[in-house]
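Before any comments, here is the structure.
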Amino acid sequence: MEYNFVSIEEKWQRYWREKKVYNSSNSSDLPKYYVLDMFPYPSGSGLHVGHPLGYIASDIISRYKRTKGFNVLHPMGFDSFGLPAEQYAIKTGQHPKITTENNIVRFKEQLNKLGLSYDWDREIKTSDSSYYKWTQWIFLKLYNSYFDKEKNKAVNIDDLKIPKGLENDQINKFIDSKRLAYIDTIDVNWCEELGTVLANEEVIGGLSERGGYPVIRKPMKQWVMRITDYADRLLEDLEDLDWPESIKSSQRNWIGKSEGAEISFQVDNNNKIDVFTTRPDTIFGATYLVLAPEHPILDLIVAENQKEEINKYKEISSSKSDLERQENQKNKTGVFTGSYAINPMSNKKIPIWISDYVLYGYGTGAIMAVPAHDERDYEFANKFNLEIVKVINSKDDFYSGSGEIINSGKYDGIDSLEFKAVVTEILEKKGMGKKTTNYKLRDWIFTRQRYWGEPIPILHSDNGTKSIDEKNLPLELPEVDSYLPTADGMSPLARNDEWKSVSIDGKKYFRETNTMPQWAGSCWYYLRFLDPKNEFNFASEESIKYWMPVDLYIGGAEHAVLHLLYSRFWHKVLYDLNFVNTKEPFKKLVNQGMILGNSAYIFRKTDQTGYVSVELEKKYSTQKILVDIKYVNEKNELNIELLRKENSQFEKAVFEFDSTFKVHREVEKMSKSKYNVVNPDEICEKFGTDTLRMYEMFLGPLEQSKPWNTAGISGVHNFLKKFWKLYFDSNSLKVDDSKPNDNNLKVLHKCIKKVSSDIESFSFNTAVSTLMITVNELTAQKCRSKEILEPLLIVLSSFAPHICEEIWERMGNTESIVYSSFPEYSECYLQDSKKIYPVSINGKLKYKIELPSDFSKEEIEAAILSDEIFIKKLEGNKPKRVIVIPGKIINFVI
RNA sequence: GCUGAAGUGGUGGAAUUGGUAGACACGUUGGACUUAAAAUCCAAUGGAUAGUAAUAUCCGUGCGGGUUCAAGUCCCGCCUUCAGUACCA
């Protein structure tokens, strides 16, 4: 009987879907286990072999946990608001909804082909109004809350104490200024190319995260989320999470907590400048101040004769993009203001400068420069010939460490670490400073000037903002005639005039026309999966109580700060408002590594006379040209004929090579533009889904990035064929009721133990190896005992579910293997008859000695812990004296 | 620069608490079956030296030191690669 994977896989995928085998119930006596994948954005290009890695891993865990007796929740959905569909709409006029729907159909088909055990009845799409109704609802919760600093939590805005003596208008303004979701005019990251504002997290090195377009700063009115109030809690609660250290440290880094002091420098009778420093101990070395060019105090303090130059500098720096600012890192610029301030400790008069190496957005937007002990100040002082005073004892001209204080008057000799606290205290007494903490984290800019996102349920009027009544949610996306921003730069929603203006009780309001960022929908989707059809709540209280937190969250590391920080923030707000019962949403996080593509390049001679194979490349001056990997075989040989046939530019090209034309390979991210995408569908057709699933796991550790390489796939495929042959010979099932022998039992129980511990520790590659060894051994032992082969089937079924279901059925089981339980192993089959100890003589030779198996554990331990025992050396017959040094060290003395 | 992860055969990668390094798989070579190929099965496969041979000896986990009877694993100092982040005072 042949292993016909095509019909087997089709049959079982249909069976699972029709019988809804993987649906899970919200009430059960069983312990729960919630396994979540980071849901995908349904892009137009479908899945490549990199996507399934995490899905397969989480699927194996889900299947394993089910057989271990857990009620498993394993849902899937789509993060379906997003840019590409909108950009496609701008180009073609097709409604993003249609594009998105089409892509989702394709994605689902591909996911189902992978045999993933999702409960599709819980599917959600963030762009469905029944879903974004609740995204809007949560937005309103944020809008209607403020952060109580004393309680260190979010509280309903109705409980806000309003200062006495405020007029009506002022009261509204006061309330608006305290909300967790508030409007502010701030310098935003404006991306002209994308026509929208981006969050700080979405800007990388002055370029947009998506597309890599330049980003400039521009003041605009925006909705902002007060995530900074949660900085401390977001930081502290990281401690207890079972997350990769790298992710935790990027989040810590992003929050960027630093402790120091705010110190005032008096300029004149009316003005003082506050600076933030983490090194108050170096204050005697502060020989000048530097302000950010945007600092508002400048207008008050700039000396008359410097005004022109200062204004010129301000203008230049405001027109600079973040990228340009960063490029200038080595060549610092700046202008003297003509004014001086008094150093509050040394009482010296020090000059005030402006420079764009000081950022207005961080700290107070002003620094005290200590050139002897800060690298940037050192560069700046050298360039502009400013005074450098060493205040910490060291050999070098510049030193950023700690040590003995010098040149600081009566404080000389104190240790700088100690002096830090002393200075802060002295200044505090004088009213010239205080201890403070600063964060790199900024509030989250929440609005986007886009069409394809959640509408913000807010109305504007002359006296401020007003939320839409909860009863009227969802606020649906209006139809528009074009998906481009309006001529006056408003978001596309403003094109629908009828929708835009509303009147309530005779009063006129305008709708907010900006939409939410893509992160909004993914901030809380893990909660909607619990109870996706609930019309009265985002999820029922019972379902939250039963399922939360997510036990295992698998996804890519690219969401280390963005998604994972935002959703933790929202979850904490919901926790404060008593909507959820856990402080953190995701208990354990695992990052699957990226699967990289293996791009192919050929060399073109620079004189354009032809192409040369790799071995001839050095002979000519050449440049690399990308070719589609479909023209290249596993031996890196180029199929020239096919290339010529399908690409006219190569039709008459000359190809030079020795024996065969070989291409140059490079490992890169898998992407359409690199022509290195491998589609999982092809693999499924050729080898079957079970082979693909096991191969992706076999490729290497889950967390590691690795290039896709089809070369080894036949090994896994052969394994499944061998596995099949363990159960069937040419005509029929060969499993029988014969009693297994000791060796059979040993092999099986070893396998059960190893595979289960490997799965629990996410070491899927070694689990696959173990399964291979097991099948090899049982084949060699000619085992046909049902007592062995049936449990083995269950062990393998998490990895290769289709083949196992098929064999399971053919063995006479009527119920799906999904409902079976994972076999237990017993230690008695695992014990070796003899214990082997390694022995070294004088540190050089190594022997194995075997202690008799009837040595009890206690006897061995006693022997080891006592001074010496006599043991027969294996190869010789003379007994040797063995000295056992306490702590398991065995040393021969002859 | 800082933070995090990693460096093991021709390749992907295994190695509980330090205890026979290279499991498992690919590839390669040889063999069986076949008219032939595919498929399948068997054997060998880190390097070097000696030997007809079984075998023996030495060297081997990025580099240099150290601890230890014993180090891929622990400690110190470097190098390289990947990822993230960056004028954050």
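Letters go in sequence order (proteins before strands), and every chain restarts at 1.
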Mind checking A/Phe698 for me? I need base, sugar-phosphate or nothing, with any heavy atom below 4.0 Å counting as a touch. base
Should the pair A/Phe380 and A/Tyr357 be assigned to parallel (<30°), tilted (30 to 60°) or perpendicular (>60°) ring geometry? tilted
OP1 or OP2 of B/A14 sitting under 4.0 Å from any side-chain N/O of A/Asn765? yes
Give one of base, sugar-phosphate or nothing for A/Lys248, where a contact means two heavy atoms less than 4.0 Å apart. nothing
Going through the distances and angles, do A/Thr228 and A/Tyr439 end up as a side chain to side chain donor-acceptor pair (under 3.5 Å)? CA-CA 8 Å; A/Thr228 47; A/Tyr439 300 90; over 6 Å; no
Identify whether any heavy atom of A/Ser769 sits under 4.0 Å from a base atom; if not, whether one sits that close to sugar-phosphate; answer base, sugar-phosphate or nothing. base
Could you tell me whether A/Pro244 contacts a base, only the sugar-phosphate backbone, or nothing, with contacts defined as non-hydrogen atoms closer than 4.0 Å? nothing
Nearest whole Å is fine: how far is B/U85 C1' from A/Leu562 CG? 13 Å
Could you check how far CD of A/Glu245 sits from P of B/G84, rounded to whole Å? 18 Å
B/C33 to B/C58 separation - P atoms, rounded to the nearest Å: 42 Å
Taking only the side-chain heavy atoms of A/Asn718 (C-beta and beyond), determine which of B/G12, B/U85, B/U40 contains the nearest atom. B/U40
Please tell me if A/Ser258 has a side-chain N or O lying less than 4.0 Å from either OP1 or OP2 of B/A89. yes
Under 4.0 angstrom between A/Gln704 side-chain N/O and B/G12 OP1 or OP2: no
What do the steps show when you test A/Tyr695 against A/Trp708 for ring-ring contact (aromatic ring centres under 6.0 Å, His included), and what is the final call? CA-CA 10 Å; A/Tyr695 185 58; A/Trp708 178 258; 5.5 Å; yes
Which sits closer to the 5' end of RNA chain B, A/Pro707 or A/Ile713, going by the nucleotide each is nearest to? A/Pro707
Need the glycosidic conformation of B/G9: syn if within 90° of 0, anti if not. Which one? syn
First of A/Ser249 and A/Lys722 reached from the 5' end of RNA chain B, by closest nucleotide: A/Ser249
Among B/G13, B/A25, B/G84, the one nearest A/Lys706 by side-chain distance: B/G13
Hey, mind stepping through A/Ser317 and A/Asp356 against side chain to side chain donor-acceptor pair (under 3.5 Å) and telling me if it holds? CA-CA 7 Å; A/Ser317 59; A/Asp356 62 8; 5.3 Å; no
